[in-house]
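So the structure is just underneath, and the comments pick up after that.
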Number of protein chains: 2
Amino acid sequence: MIRRIAAVAIRRDSAAQQGSVEDQVYSELRDRFMSGVYLPGEVLTLRNLAANLGVSPMPVRQAVRCLIVEGALEMLPNRTMQVPRMTRDRLAELLSVRRALEGLATEAACRVVTPRQILAIEKIHALSHKAFESGEMRRSLVMNQRFHFALYEAAQSSVLMPMIQGLWLQAGPFMHLALSSTAGMRWDGTHHLELLQALRDGDPTEARLAIERDINKTAEALLVTPHFAAGRTEAPERRVARG
Amino acid sequence: MIRRIAAVAIRRDSAAQQGSVEDQVYSELRDRFMSGVYLPGEVLTLRNLAANLGVSPMPVRQAVRCLIVEGALEMLPNRTMQVPRMTRDRLAELLSVRRALEGLATEAACRVVTPRQILAIEKIHALSHKAFESGEMRRSLVMNQRFHFALYEAAQSSVLMPMIQGLWLQAGPFMHLALSSTAGMRWDGTHHLELLQALRDGDPTEARLAIERDINKTAEALLVTPHFAAGRTEAPERRVARG
DNA sequence: GGGAAAAGACTGTGATCACAGTAGGTGCTT
DNA sequence: AAGCACCTACTGTGATCACAGTCTTTTCCC
């Protein structure tokens, strides 16, 4: 049974989308994972994804393989692919590595960031804060992500950036599942403001500490959610992919 | 012109090699990159690789895409694939991230490592040292890698291990190019011994410092080599793939 | 003889088909 | 009515072909 709910053509966004079809598929799927389109435990199939993206299965195969290598997708022994469930241990590890890598990136960024970039980051923070105040949690999460990535991009590191993206990619589905509801989420942008001040002062160490505090805050919010998988023996609850 | 120098079947090693052909190809290519089979700047093509591995181009395509995502391979604007050249900046970044991640893994390993595992690591160190003494640099490098990975594997982290492997994968071709000659390489296993002592003492902080010192030592040895690419405007010098 | 143009080889990419294995559903048998 | 077997639908995987580029080489003309 092939359910084509909305066969959105992959070229929808940005008229002059360039690159091969596979690159577009890969990019689109990355965005979807980071945006929480797919939920932990959800089962995806090549042909459904292809139909949903409006492309042939071929480019999807390779994009999906890459996502598996990155840990954003899991291949079960049955050869079926599913969005990995999250365990408390795994989340703690991800956050630990985030602290290390994003701390490094923040230090590097602080040393070379331009006033113009700082302004852009401030702007993104304002948007995130505004979205949070109006209860648009989804949008606030996305803007928060943009805030972090705008910062790390200033570091201009071709090593750190892909690794950090990989971490967000792995945590994406779970983060959106756990935080997209307003319940129990009392976020304040204190650490973001501290970071911005450190950037203006050109104080890498303080900037690093601010980011680490921000990640710790996220950790506190995430680790209390009841969304964790109990282990390898959890109930099936296999969600069928929507596309 | 298809040059089949040695069309080695992919199933050569270990009779009961399991998994799909693509998994085997991917695994084999990873090993080759980490072993320095391919040199920085070398150009690889799908069909040559496929012929060399004795498989059809199809599985190679996907494996190669994954390697590109991991940063082990580069795709030029011409759509040709080449082993990335190394720059001093990039190497410094890789080593910086290695310090952070392998430090983390070492701490974690130190907390859960068993005496039996410590013995195994000691054994590997002895082999590495012995190979170095007899001038077998290639073998010494491989054993050194096994030493590190045996340590990190003790940490049992499904997050850290793949990331660290990715780092070694990116640095692999350059490391072997720079260090496989005995010239200018005066390695001593002091830091390895310090690490082993810290493991026995159950002192995570000291273990972490020992690994960091070890990586710093490697950094010193690597950063003085004259093998760096000058930048984006370097001479072509495109080595043709051997397969 | 030198330079421009065309022909050739070879590249990655995408589509389509065949295949083996699995999961789930249906119908028959006991 | 319950249990078992078969059968259908669907999964990822691999192979093969066609195609549009690029790069090299050859060939023709000035």
### Residues forming a salt bridge (Lys or Arg N to Asp or Glu O under 4.0 Å) with Arg79(B), sequence neighbours excluded
Asp23(A)
### Summary
Taken in chain and number order and not counting sequence neighbours, the residues that satisfy salt bridge (Lys or Arg N to Asp or Glu O under 4.0 Å) with Arg30(A) are Glu70(A)
List every contact pair, protein side and nucleotides 12-14 of chain D side both N or O, where the distance is under 3.5 Å.
from, atom 1, to, atom 2, distance (Å)
dG12(D), OP1, Leu46(A), N, 3.0
dG12(D), OP2, Leu46(A), N, 3.2
dG12(D), N7, Arg47(A), NH1, 2.9
dG12(D), O6, Arg47(A), NH2, 3.4
dT13(D), OP1, Arg65(A), NH1, 3.1
dT13(D), OP1, Arg79(A), NH1, 2.8
dG14(D), OP1, Val21(B), N, 2.6
dG14(D), OP1, Glu22(B), N, 3.4
dG14(D), N7, Arg61(A), NH1, 3.4
dG14(D), N7, Arg61(A), NH2, 3.0
dG14(D), O6, Arg61(A), NH1, 3.3

### Message
For a quick test of reading the model: is some side-chain N or O of Asn78(A) closer than 4.0 Å to OP1 or OP2 of dT11(D)?
### Response
no
Output the distance between atom [atom1] ([X]) and atom [atom2] ([Y]), rounded to the nearest 0.5 Å.
X	Y	atom1	atom2	answer
Trp168(A)	His148(A)	CH2	NE2	4.5 Å
Met34(A)	Gln145(A)	CE	CD	5.5 Å
Arg32(B)	Ser27(B)	CZ	OG	11.0 Å

